[in-house]
Structure formats: structure tokens, C-alpha cells
Amino acid sequence: MASTSAEIIAFLLTISGWVLVSSTLPTDYWKVSTIDGTVITTATYWANLWKTCVTDSTGVSNCKDFPSMLALDGYIQACRGLMISAVCLGFFGAIFGLVGMKCTKVGGSDQTKAKIACLAGLIFILSGLCSMTSCSLYANRITSEFFDPSFVAQKYELGAALFIGWAGASLCIIGGSIFCFSIAENSNSPRRGYAYNGATSVMSSRTKVHNSVPEKTPPKHFDKNAYV
């Protein structure tokens, strides 16, 4: 029962993490920078893995998509590949997690389901590592440019999408680890075997009871002629 509850908690954690990781791809604010005036913010610059935009004080945004994938910086291409891999791995991990959980009716025996659940945990851990690496790589580029005194272009700060990606990756890694530990709990739990002797009828049970009770025979009385 404890392992079943742990698998349910792990599945909820991993699915929540996968949803958060998937939501970072269309999120706009991977990096953000503002130009402040005397009273209000005059312009806000922000960018993600697909485009870079600027929003003026009236709320009008002008965006420009990245022109060519081959002309992009290497870290953006790496982040794209890692995030797409994280989303795909999380999808397959969710399928294996459903099959490997004890509360589902598919997957075969308990030992087979435990192995499938462990495989789902490894996939989710790999998905979380991909997302964590992508967000960390992107954040490292932002911080290195921000603290570089020789960098004269527009400097950015960390956007909300990076924190969402880190949170989702952490949930995937934690839930995947619980899935992997579930196979150890299943292997350590003793399994009881029961022998089936077949159904006994009412007549046979009565016969057994009748045979088990010793019969009391009345004492025999002999007359005097019996000894002659």
C-alpha cells in the first residue's frame, strides 16, 4: 500500500513537472530588460528561444523572429534541442508511468510493472536533466553578458520562463527518483504463496467428519455356553 501511494505521488509530481517544462517553450520572457524614463518605463525588451521583441509604454509590441536556424548562436540551438527533448521524454515517461503503476490494470505481473515504473523514472530524470541544462545554459549566457564590462550591447536579466523551467525540472527529477525507488520496495516485499486444494463438497466434508469420530460399539455379553 505504501509503494502504491508513493507511485501516485511520483506520477503527480512528474506530470506537474512535465507540464511546467512544456509551458516554458511558448513563454515569452526568457530574458528581459527595461529602459526607464523619469516617470514610467519607456520600453521593455524581451526574448525567448524563437523571437526577440520590444514593448513601448503604450503596450504595443514589435517582434522579430530569428531569421535562420543556422545563423543562430550555438547556445540557442542547444537550448531548443534540449527543451524539445525534455518535452518528448516527458511524454513517453508519462505513458510508461501509467503502465507501470500498481493501480492500473495493464502491464503484466508486479515484477514487470515495477521494471516499467523504474524505466519511467529514468526517463523522467533524463527529461528533468535536459530542461535543467537548457535553462542553466541560457541563464549562464545572460549572467556572463550582464557582468562583462566589455559587453556594450543591450544587457538582459533572467526571465520568468527560466524559473518555471527549473521548477519543472526539479519536480521531474524528484518524481522520477521515487519511481526508481519503487522497484527496490517491490523486490524487498515478501510474497506469500497459497496452495489450492480444490473445492470440497458437502458430502465429502460430512464423510470426513464421520470418519474422524470413533464409533463406540456396545460391549458384548457372552453366556456360559460360549466358553465351552
Side-chain angles (χ1 to χ4, degrees), residues 1-32 46-51 75-142 157-189 191:
M1 184 66 182
S3 60
T4 304
S5 302
E7 288 178 351
I8 294 174
I9 294 174
F11 184 75
L12 293 177
L13 289 176
T14 50
I15 291 298
S16 301
W18 177 60
V19 171
L20 290 177
V21 170
S22 301
S23 65
T24 58
L25 279 175
T27 303
D28 295 331
Y29 296 99
W30 277 66
K31 60 181 181 180
V32 61
W46 50 272
N48 55 15
L49 298 178
W50 316 102
K51 60 186 176 181
Y75 78 98
I76 295 181
Q77 296 182 7
C79 290
R80 281 183 177 181
L82 289 172
M83 291 303 298
I84 294 174
S85 300
V87 173
C88 295
L89 288 172
F91 174 76
F92 290 107
I95 296 176
F96 285 116
L98 282 174
V99 175
M101 294 175 65
K102 287 184 177 180
C103 57
T104 57
K105 300 296 184 181
V106 293
S109 61
D110 290 342
Q111 295 180 354
T112 304
K113 291 173 74 68
K115 293 178 181 179
I116 297 175
C118 182
L119 177 61
L122 293 176
I123 293 175
F124 273 118
I125 291 174
L126 186 59
S127 175
L129 291 176
C130 289
S131 177
M132 187 76 70
T133 304
S134 176
C135 295
S136 300
L137 181 62
Y138 199 91
N140 179 65
R141 182 59 179 261
I142 295 173
E157 296 181 0
L158 302 179
L162 297 178
F163 298 98
I164 296 174
W166 281 324
S170 301
L171 291 178
C172 287
I173 293 173
I174 294 173
S177 301
I178 297 175
F179 266 129
C180 291
F181 288 142
S182 65
I183 190 174
E185 295 180 359
N186 292 330
S187 61
N188 293 331
S189 60
R191 300 179 61 88

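Positions are given from 1, in the same order as the sequence printed here. As the structure is a computational prediction, the values presented were derived from the model and not from experiment.
- Here the CD1 atom belonging to Ile84 is positioned 11.5 Å from the SG atom belonging to Cys130, to the nearest 0.5 angstrom.
- When all heavy atoms are compared, the tightest approach of Gly128 to Ala169 is O-CB, 3.2 Å.
- Side-chain contact between Thr104 and Val99 is absent, with no heavy atoms from C-beta onward closer than 4.5 Å.
- No more than 12 heavy atoms of other residues, nucleotides or ligands sit less than 6.0 Å from atom CD of Glu157.
- The distance from the OG atom of Ser109 to the NZ atom of Lys115 is 8.0 Å, given to the nearest 0.5 Å.
- A search for side-chain contact (heavy atoms from CB on, under 4.5 Å) contacts involving Leu25 returns Leu49, Trp50, Met83, Val87, not counting sequence neighbours.
- Nearest heavy atom pair, residue Gly93 against residue Ala120, reads O-CB, 3.6 Å.
- Annotation for Gly159 and Val32: closest pair CA-CG1, 4.5 Å, computed over non-hydrogen atoms.
- Atom OG of Ser23 and atom CH2 of Trp18 lie 11.0 Å apart (nearest 0.5 Å).
- Counting heavy atoms from C-beta outward, Trp46 and Lys31 have side chains that stay 4.5 Å or more apart.
- The minimum heavy-atom distance between Gly165 and Ser131, with the atom names listed, is O-OG, 3.4 Å.
- Counting only residues at least two apart or in different chains, side-chain hydrogen bond (donor to acceptor under 3.5 Å, both in side chains) contacts with residues 84-96 are absent.
- Sequence neighbours left out, the pairs with a member in residues 117-142 that pass ring pair (Phe, Tyr, Trp, His ring centres under 6.0 Å) are Trp30-Tyr138, Tyr75-Tyr138.
- Annotation: salt bridge (charged side-chain N to carboxylate O under 4.0 Å, His left out) contacts involving residues 121-142, sequence neighbours excluded, comprise Arg141-Glu145.
- The line from CD1 of Ile15 to CG of Leu98 is 7.0 Å long, rounded to the nearest 0.5 Å.
- Proximity of Asp28 to Lys51: side-chain heavy atoms (C-beta onward) are separated by under 4.5 Å at one or more points.
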Chi angles and distances behind the side chain to side chain contact (heavy atoms under 4.5 Å, CB included) call for Thr27, Asn48:
CA-CA 7 Å; Thr27 303; Asn48 55 15; over 6 Å; no
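- For Leu13, the side-chain contact (heavy atoms from CB on, under 4.5 Å) test picks out Ile9, Leu171, Ile174, Ile178, with sequence neighbours left out.
- Checked against side-chain contact (heavy atoms from CB on, under 4.5 Å), Ser127 has the following partners two or more places apart in sequence or in another chain: Ala86, Leu89.
- Expressed to the nearest 0.5 Å, how far SG of Cys88 lies from CD1 of Ile123 amounts to 12.0 Å.
- In terms of heavy-atom proximity, Leu137 sits nearest to Cys79 at CD2-SG, 4.1 Å.
- Closest non-hydrogen pair, Glu7 versus Lys102, comes out as OE1-N, 3.0 Å.
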